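Structure first, commentary second.
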Amino acid sequence: MSLRSGVLDAGYRSVVRPVLFRAHGGDPELIHESLIRVLAGLGPLQRSALRLLSGPPTSPVTVAGIRFPGRVGVAAGLDKDGVAVEAWSALGFGFAELGTVTALAQPGNDRPRLYRLRASRAIINRMGFNNAGAQAMADRLDRIGVRRGASTCGLPLGISIGKSKATPLSDAVSDYVTSLRMLARYADYVAINVSSPNTPGLRTLQDEGLLRDLLSGLTHEAAQLAHPLGPVPIFVKIAPDLSDAQLDRVVEVVTEHGGQGIIATNTTLARDGLAPADSVHAEQAGGLSGAPLTGRALEVVRRVAGSSSLPVVGVGGIMTPDDAVRMLDAGAQLVQLYTGFIYAGNALVAGINARTQGRTT
Ligand SMILES: Cc1cc2nc3c(=O)[nH]c(=O)nc-3n(C[C@H](O)[C@H](O)[C@H](O)COP(=O)(O)O)c2cc1C
């Protein structure tokens, strides 16, 4: 562990996390909301101080024509409406994936819908794409002056789009296209979320025919938008619960229909690897993330990277810098954090930056 990440780690575990996890009567969603509010409220001076503490991203890499200053990014769902977009680079991240947003604003599922499984270092969530809608995100990014290719907030931004709950699956393509049209000018890449377990039927969009229609619709629209940098790169985020045969088909379809990357993986419906102390929450409906997902996400990344030339963003159960290095060694070019960031804070980001410094693959 580097000195910086050691100090940050001790501080986060002994001071920040105990306070954070006990705030709001321990309600994880309220805690999350206040964390995002605090980050969103930081001024330029506070962000500079945080940047000094966190250290810079290391090991830049170009993926799908996008220059990333570092390998570790914010996973989708942490900043669903992009309200803390100006803070992520100060925490040492090399990119941030905002969203998932949908064409129509929607409240998501009823609360409670987020559970921390501490003994397992895991989370179960069934948020259901609660978000203020694609237009609200576009307006916010516009106000800040975000533009594709400009790294206005100090890092490249992905924007994750999903299907509005009220839109039937048969109209999914036009729903995604609507969001793409509103957001493409702000995004360095657009991530197509077809893998959340919390919108009924969404995962069937990973089936060959539906995925083909969706990707052709989106790549066609991206080409029509006539941006000086060319069509915005489209990445597809997949579930860890696909069989090997399904994974191979998804990769073929994404390659054939102009997708430029795979993000692997979203949360799992499996419940393997949970500690007995967490059995009260184990049966909650939703997607499981964190340590129980580490092994499966790594397998998926290895299979996708081994069977195609598409760039891979590895996400799922990265709880330590070693987990991140294993993802990169398995063929991912970039990694993302959600649950690991909740449990370890920006010490994990600094630790990954330290471990990947000078990496060229
Ligand atoms: C509370 C919560 C909300 C999430 N929301 C989204 C989302 O809106 N879009 C998405 O693509 N992934 C979402 N995810 C999945 C994460 O981006 C990530 O793929 C998954 O949690 C596995 O990574 P992790 O083990 O590092 O958390 C969410 C995860 C959690 C825990």
Side-chain angles (χ1 to χ4, degrees), residues 27-33 35-36 72-82 93 95-102 106 108-109 111-117 120-132 134 137 158-165 176 179 189-199 202-203 205-206 235-241 262-270 273 281 284 286-298 300-301 312-320 323-324 327 332 334-344 348-349 352:
D27 179 321
E29 185 165 353
L30 293 180
I31 294 167
H32 185 78
E33 284 169 357
L35 172 73
I36 294 294
V72 53
V74 177
L78 252 172
D79 192 5
K80 283 184 187 273
D81 287 311
F93 284 105
F95 66 112
E97 189 170 307
L98 309 178
T100 296
V101 286
T102 51
Q106 56 184 41
N109 291 321
R111 299 185 189 207
R113 52 192 179 178
L114 178 60
Y115 301 88
R116 251 191 341 247
L117 289 71
S120 315
R121 292 184 299 146
I123 292 174
I124 290 177
N125 92 85
R126 54 168 177 277
M127 307 299 284
F129 293 164
N130 54 306
N131 77 102
M137 180 177 287
I159 300 182
S160 170
I161 60 177
K163 185 186 76 66
S164 312
K165 190 174 181 192
Y176 279 87
S179 295
Y189 69 88
V190 170
I192 307 306
N193 185 352
V194 285
S195 49
S196 165
N198 301 316
T199 293
L202 190 86
R203 284 181 165 197
L205 292 171
Q206 294 171 116
F235 294 0
V236 177
K237 185 163 177 182
I238 62 174
D241 304 322
I262 297 272
I263 305 169
T265 68
N266 213 312
T267 55
T268 180
L269 289 170
H281 293 321
Q284 287 295 340
L288 172 69
S289 57
L293 183 56
T294 312
R296 178 60 190 154
L298 188 64
V300 172
V301 165
V312 181
V313 181
V315 50
I318 298 177
M319 310 303 284
T320 66
D323 293 334
M327 275 287 192
L334 297 161
V335 296
Q336 294 176 327
L337 310 176
Y338 192 124
T339 307
F341 180 69
I342 300 300
Y343 280 95
L348 179 55
V349 185
I352 296 172

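Keep in mind it's a predicted model, so treat the numbers as computed, not measured. For ligands, and for the atoms within them, numbers begin at 1 and follow the listed sequence.
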In a simple table, one pair per line, please give the protein and ligand 1 atom names for every N or O pair closer than 3.5 Å, along with the distance.
unit_1, atom_1, unit_2, atom_2, d
ligand 1, 5 (N), K80, NZ, 3.2
ligand 1, 8 (O), K80, NZ, 2.9
ligand 1, 8 (O), T100, N, 3.2
ligand 1, 8 (O), T100, OG1, 3.3
ligand 1, 9 (N), T100, OG1, 2.7
ligand 1, 9 (N), N193, ND2, 3.2
ligand 1, 11 (O), N193, ND2, 3.1
ligand 1, 11 (O), K237, NZ, 3.1
ligand 1, 12 (N), K237, NZ, 3.0
ligand 1, 14 (N), A76, O, 3.4
ligand 1, 17 (O), A76, O, 2.7
ligand 1, 17 (O), K237, NZ, 2.9
ligand 1, 19 (O), K237, NZ, 2.9
ligand 1, 19 (O), T265, O, 2.9
ligand 1, 25 (O), G290, N, 2.9
ligand 1, 25 (O), G317, N, 2.7
ligand 1, 26 (O), Y338, N, 3.1
ligand 1, 26 (O), T339, N, 3.4
ligand 1, 27 (O), T339, N, 2.9
ligand 1, 27 (O), T339, OG1, 2.6

Can you list the residues that meet the side chain to side chain donor-acceptor pair (under 3.5 Å) rule with T265, with sequence neighbours excluded?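 For T265 there are no side chain to side chain donor-acceptor pair (under 3.5 Å) partners, ignoring immediate neighbours.
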Non-neighbouring partners of Q284 that pass side chain to side chain donor-acceptor pair (under 3.5 Å), sequence neighbours left out: Y115, R126
With a 3.5 Å cut-off and no angle check, do the side chains of N131 and T102 form a donor-acceptor pair? yes
Does the side chain of T294 pick up a donor-acceptor pair with the side chain of D323 at under 3.5 Å?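 Judged by distance alone, the side chains do not pair up.
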As a test of understanding, state which of I318, I352, V313 forms a side chain to side chain contact (heavy atoms under 4.5 Å, CB included) with M327.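 So, applying the side chain to side chain contact (heavy atoms under 4.5 Å, CB included) to M327 and each of I318, I352, V313, only I318 qualifies.
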Check side chain to side chain contact (heavy atoms under 4.5 Å, CB included) between R121 and all other residues, then give those that pass, not counting sequence neighbours. A291, M319
